[in-house]
There are 2 protein chains.
Amino acid sequence: MQLSRADVLDGAIEILDQYGLADLTMRRLASSLGVRPGALYWHFTDKQTLLAAITDHTLAPALDGCDAEQDPAAALRALAVRIRDALLARRDGAEVASASFAAGLSGDGVRVELTAAARAAGLTEPEASYAAETLLLLVVGQVLDEQTRMQMDSAGALAAGDSPLDDPSARAGTSRGADRFAFGLDTFLAGLLGLPAQRPAGAR
Amino acid sequence: MQLSRADVLDGAIEILDQYGLADLTMRRLASSLGVRPGALYWHFTDKQTLLAAITDHTLAPALDGCDAEQDPAAALRALAVRIRDALLARRDGAEVASASFAAGLSGDGVRVELTAAARAAGLTEPEASYAAETLLLLVVGQVLDEQTRMQMDSAGALAAGDSPLDDPSARAGTSRGADRFAFGLDTFLAGLLGLPAQRPAGAR
DNA sequence: ACCTGAACACCGTTCAAGT
DNA sequence: ACCTGAACACCGTTCAAGT
């Protein structure tokens, strides 16, 4: 059967989720699809474009805005959380997204939605787009940190020959990431909307 | 003469500043030093470690805390600005730093100083370190964006065959980056310290 | 201690030629 | 239209052997 653009994208996502970004090479992708490396370049002009397509696919669930019934401040916060969840759900999602954003090949969708949500929350034009970009920075940077730590933890655990059981410190690390994310997000939103910073329930 | 670790570091920084991170390869560095690639591995265990040394060198000026006479909130803000200036002064500084931080091979210095400044500004223990990490995220992410845009602008200008004269839009882009940085930083600090967000003077 | 020579195991991308 | 064959121009890293 003939290879479609969607087949290439699906194959890339499968390698990414199973082996991580370092193992997602054009040559490896080609051989997993039973094709020569050059064949991929008929469907995607280069690797950056392929990564951007992965980013769009990763972020799509965050843009299916659910209920528009909430108050605007809560809606803005909820959008940031949905973006975080989407990135976190894909292995190395933040690193791939960060590269795609830097290349200018993805991220318009989230930026548009974030800007609209910021406007709905009462911000005027120059601030709304600054706020959107800063929020995106905050979310991507945070998840980048979290996923880097995950990958180092699992590599370390493997190297040390630890048992593959979930250990409590790993779970603690995860919830620490969530706490830090909530802290950064709520602090920024407090400054943005003039609310008093409502700190998340104290340290665990 | 024999090659020292400092020679390797200096050579790397020279290539970085003149040609950018993409051209800073171990092979190119070796040939610019008149040595075989393998020789570098006697002085640095690997490329990541070399990049981390560059990051330390880049950030050093930001840690020479000048006057400690200001009020703590202003000192925290000034530290963030000095970190931005240091990253901005080195070509691809934010990208190199971001890689070094992710690898866990650099960044302790700035994190310690930021945490101390946050404590001095009245934050208690869990918040002070969260605030430090979030501020670092904000600064690095912001400069990453700015430097990426710079590099795309200069590449675009070259490709389009534009005259090498400084054009007004390039200067405008630079000051827009500064405005956005000030917005993100001041908004976050307002949320952090409970101050009213003092927006920078309106759009230019 | 410090470096060379030479290899190992890869990369992304291009492009004439085939079907 | 879609893909192969085969190359081009590179990478980071290792390591016996030299001095």
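Values below: all heavy atoms of this structure, side chains included; hydrogens, waters and symmetry mates excluded. Throughout, a chain's letter reflects where its sequence line sits, starting with A, and its residues are numbered from 1.
- Nearest to the side-chain atoms of A/Arg27 among the listed nucleotides C/dT14, D/dA7, D/dT13 stands D/dA7.
- Judged by a 6.0 Å distance limit and a 45° cone about the ring axis, A/Arg91 is not positioned over the six-membered ring of A/Tyr19.
- The same atom, P, is picked in D/dC8 and in C/dA9; the two are 22 Å apart, to the nearest Å.
- For the 3.5 Å distance criterion, the side chains of A/Thr148 and A/Gln151 fail to qualify, holding no donor opposite an acceptor.
- Which of C/dT13, D/dC2, C/dC3 sits closest to the side chain of B/Ala39 comes down to C/dC3.
- In this entry the distance linking CD of B/Gln2 with P of C/dT4 reads 11 Å, nearest Å.
- Between B/Arg36 and the phosphate of C/dG5, there is a side-chain N or O to OP1/OP2 separation shorter than 4.0 Å.
- D/dT14 and C/dC3 are spaced 14 Å apart, taking the C1' atom of each and rounding to whole Å.
- For B/Met1 and C/dC3, the CE to C1' distance is 14 Å, given to the nearest whole Å.
- Distance A/Leu51 CG to C/dG12 C1': 12 Å, rounded to the nearest Å.
- If you measure from atom CG of A/Asp23 to atom C1' of C/dA9, you get 14 Å, rounded to the nearest angstrom.
- D/dA1 atom C1' lies 16 Å from atom CZ of A/Arg5, rounded to whole Å.
- Checking A/Ser98 against A/Glu95 by side-chain atom types alone, no donor-acceptor pair falls below 3.5 Å.
- The side chain of B/Trp42 approaches C/dA1 more closely than any other nucleotide in the set C/dA1, D/dA1, C/dA7.
- Summarising the base pairing, C/dA17 is matched to no nucleotide, lacking a Watson-Crick or G-U wobble pair whose two defining distances lie under 3.5 Å.
- Base pairing analysis places C/dC8 opposite D/dG12; the two distances defining the Watson-Crick or G-U wobble pair are each below 3.5 Å.
- One atom, CG of B/Leu40, and another, P of D/dC15, lie 17 Å apart when rounded to the nearest Å.
- When the nucleotides D/dC2, D/dG12, C/dG12 are ranked by their closest atom to the side chain of B/Met26, D/dG12 comes out on top.
- For the pair A/Arg176 and B/Tyr130, the NZ or CZ position fails the cation-pi test of under 6.0 Å to the six-membered ring centre and within 45 degrees of the ring normal.
- Protein atom CZ of A/Arg28 is 12 Å distant from nucleotide atom P of C/dG12, rounded to whole Å.
- Between B/Tyr41 atom OH and D/dG12 atom P the separation is 6 Å, expressed in whole Å.
- Of the side-chain N and O atoms in A/His43, none sit less than 4.0 angstrom from OP1 or OP2 of D/dA1.
- The minimum heavy-atom distance between B/Ala131 and B/Leu123, with the atom names listed, is CB-CD1, 3.8 Å.
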